[in-house]
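Scroll down for the structure; my scribbles are underneath it.
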Protein chains: 2
Amino acid sequence: MQLRPEQILNDHQLRRTAVRLAVLRIFLEADEALSQSYLEQQFEQVDRITLYRTLRTFEQKGVIHRALDGTDTPKYALCAGECNEHAHHDHHAHFHCDDCGRTYCLEEMVAPRFHAPRGFRVDEAHMVLTGVCKECLEGVSP
Amino acid sequence: MQLRPEQILNDHQLRRTAVRLAVLRIFLEADEALSQSYLEQQFEQVDRITLYRTLRTFEQKGVIHRALDGTDTPKYALCAGECNEHAHHDHHAHFHCDDCGRTYCLEEMVAPRFHAPRGFRVDEAHMVLTGVCKECLEGVSP
DNA sequence: AATTTCATGCAACGTTGTTGCATTTGTGTT
DNA sequence: AACACAAATGCAACAACGTTGCATGAAATT
Ligand SMILES: [Mn+2]
Ligand SMILES: [Mn+2]
Ligand SMILES: [Zn+2]
Ligand SMILES: [Zn+2]
């Protein structure tokens with residue numbers, strides 16, 4: 001995985017702008033999937049449309065992926081690598097904590113192969129786990 | 001599974017109103033998960049807020065469940081049974097066709113037990129499959 | 001430095017989620 | 001059958017988001 005924001009932009013042929021670098025820095029420091037509104041709050045002043053387009057571009061270009069977590073608030077996380085504008089390769093599970101509302105990527109947990117039912121052709125499989133995260137579990141038993 | 005709209009409302013202690021009966025009839029005839037906007041179009045004239053509250057009530061009372069399909073449009077389908085205001089028991093997978101956009105319940109496909117990673121406690125697991133449905137597959141090879 | 005291509009900021013609009021409130025309707029009781 | 005109560009509906013209203021167009025500013029290319 002690339003570690004520096006500048007290199008991530010280079011690798012995906014994206015212009016090096018202030019907003020993009022700042023967004024990437026936030027993602028790199030976070031260990032969870034982030035919503036657009038959360039990102040907005042990290043800035044003193046930023047245009048929500050610019051943020052919207054930044055996320056859309058990042059997703060299209062394979063910089064970030066959407067973390068499906070069962071809520072109605074889309075969350076995003078950095079792609080591990082290999083993803084580009086043609087294809088995403090992040091098929092790991094995502095975990096949503098019902099207690100704190102955080103969403104985590106479970107990179108190590110990959111959806112098993114499923115045989116297609118009813119004559120369908122299955123191209124991708126995503127798993128969404130819900131429960132209580134480690135921090136919240138430890139918090140309730142002091 | 002209950003087959004008549006009237007009985008579904010009785011079983012869940014819901015008042016028998018025109019909108020509710022009509023919505024249930026649409027769900028009973030459909031073999032796929034439906035969005036609120038789709039339901040709206042099935043009526044000549046209906047208030048969207050009433051429809052919104054109808055779906056919310058149905059979901060709370062265990063009449064319908066939300067079908068997670070990876071899109072940003074919530075879809076709903078009838079619960080198989082046993083669901084009530086206290087708990088939902090529909091943990092089957094859902095399939096989303098990238099071609100026609102339809103979402104289907106895969107009642108027969110239940111998420112396997114997962115061991116909790118990273119010290120998390122997993123309460124529920126949902127699976128979302130994407131690909132091409134039977135109708136669309138047959139449509140392209142005439 | 002000039003040019004070109006693209007990102008940004010802002011206005012604007014549509015959709016959806018959500019609540020408050022007055023009115024109508026369903027249902028159990030006189 | 002009429003009544004009374006609780007709940008559902010219709011409508012106004014607002015917030016949050018997603019999305020596009022356009023003028024302006026910034027990055028990359030020459
Ligand atoms: Mn992820
Ligand atoms: Mn379902
Ligand atoms: Zn938590
Ligand atoms: Zn299809």
Side-chain angles (χ1 to χ4, degrees), chain A residues 4-27 33-64 66-76 85 101 103, chain B residues 4-26 33-76 85 101 103:
Chain A
R4 285 171 43 251
E6 291 82 1
Q7 186 164 357
I8 296 178
L9 292 180
N10 281 343
D11 291 352
H12 294 273
Q13 291 161 16
L14 293 168
R15 289 194 178 180
R16 184 182 303 188
T17 72
V19 174
R20 288 176 176 177
L21 288 171
V23 168
L24 283 177
R25 266 182 240 112
I26 297 172
F27 272 120
L34 308 176
S35 67
Q36 178 175 340
S37 68
Y38 173 84
L39 288 166
E40 267 177 59
Q41 293 161 16
Q42 301 313 109
F43 289 84
E44 294 179 1
Q45 183 248 0
V46 76
D47 188 65
R48 73 178 184 92
I49 289 95
T50 300
L51 212 41
Y52 162 73
R53 282 194 266 229
T54 299
L55 293 175
R56 189 176 55 177
T57 299
F58 279 2
E59 191 185 4
Q60 284 172 173
K61 296 288 186 170
V63 176
I64 61 178
R66 209 176 276 233
L68 194 63
D69 72 350
T71 72
D72 44 10
T73 308
K75 303 204 178 61
Y76 304 89
E85 59 190 320
T103 300
Chain B
R4 284 170 44 249
E6 291 82 1
Q7 186 165 356
I8 296 178
L9 293 179
N10 280 344
D11 291 353
H12 295 273
Q13 290 162 17
L14 292 167
R15 289 195 178 180
R16 182 181 305 188
T17 71
V19 174
R20 289 177 175 174
L21 288 172
V23 168
L24 284 178
R25 263 181 242 114
I26 296 172
L34 308 176
S35 67
Q36 177 174 339
S37 67
Y38 173 83
L39 287 166
E40 268 177 59
Q41 292 161 17
Q42 301 312 109
F43 289 84
E44 293 179 3
Q45 182 248 1
V46 76
D47 189 64
R48 74 178 185 93
I49 290 95
T50 300
L51 211 41
Y52 162 73
R53 283 194 268 229
T54 298
L55 292 175
R56 188 176 57 177
T57 299
F58 279 1
E59 191 185 6
Q60 286 173 173
K61 296 287 186 170
V63 177
I64 61 177
H65 64 277
R66 211 177 273 235
L68 192 64
D69 73 349
T71 71
D72 45 9
T73 307
K75 303 203 179 62
Y76 304 87
E85 59 191 321
T103 299

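Proteins get letters first, then strands, A, B, ... in listed order; numbering begins at 1 in each.
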Quiz item: Quick one: does B/Y76's side chain get under 4.5 Å of B/H65's, heavy atoms only?
Solution: no
Self-check item: Overall bend - the helix from C/dA1-D/dT30 to C/dT30-D/dA1, comparing terminal axes fitted on five pairs, nearest 10 degrees
Solution: 30°
Self-check item: Separation of atom CD in B/Q13 from atom P in D/dA6, rounded to whole Å
Solution: 17 Å
Quiz prompt | B/L55 side chain reached by B/L39 side chain, heavy atoms, under 4.5 Å | solution = yes
Exercise. To the nearest Å, give me how far apart NE2 (B/H12) and C1' (D/dA8) are.
Key: 18 Å
Exercise. Could you tell me which non-hydrogen atom of B/T103 sits nearest to which non-hydrogen atom of B/A67, and how far apart they are?
Key: CG2-CB, 4.3 Å
Practice problem: Produce a footprint string for nucleotides 15-26 of chain D: one letter per nucleotide, 5' end first; B if the base is under 4.0 Å from any protein heavy atom, S if only the sugar-phosphate is, - if neither. | Solution: ---BBBB----B
Quiz item: Over how many whole Å does the gap from B/L51 atom CG to C/dT18 atom P extend?
Solution: 14 Å
Practice problem: Decide yes or no for B/Q42 and B/Y38: does some side-chain heavy atom of the first lie under 4.5 Å from some side-chain heavy atom of the second? | Solution: yes
Quiz item: In whole Å, what is the span from the CG atom of B/D47 to the C1' atom of C/dT16?
Solution: 14 Å
Exercise. Could you check if a side-chain atom of A/V63 sits within less than 4.5 angstrom of a side-chain atom of A/R20, using non-hydrogen atoms only?
Key: no
Quiz prompt | Closest contact, heavy atoms only, A/K75 versus A/G101 | solution = CE-O, 4.2 Å
Practice problem: Calculate the interatomic distance between B/L24 atom CG and D/dA8 atom C1'; express it in whole Å. | Solution: 15 Å
Quiz item: Which residue, A/V46 or B/L14, contacts DNA chain C at a nucleotide closer to its 5' end, judged by nearest heavy atom?
Solution: A/V46
Quiz item: How far apart are the closest heavy atoms of A/K61 and A/H12, and which atoms are they?
Solution: O-ND1, 3.0 Å
Quiz item: Given atom CG of A/L55 and atom P of C/dA7, what is their separation to the nearest angstrom?
Solution: 14 Å
Self-check item: Under 4.0 angstrom between B/T50 side-chain N/O and D/dA8 OP1 or OP2
Solution: no
Quiz item: Which distance, rounded to the nearest 0.5 Å, do you find between the OG1 of A/T57 and the CZ of A/R15?
Solution: 12.0 Å
Quiz item: Does A/E6 pair with A/R16 as a salt bridge, N-O distance under 4.0 Å?
Solution: no
Quiz item: Reckon A/T57 touches a base, only the sugar-phosphate, or nothing at all at heavy-atom distances under 4.0 Å?
Solution: nothing
Self-check item: Separation of atom CD in B/E6 from atom C1' in C/dG26, rounded to whole Å
Solution: 14 Å
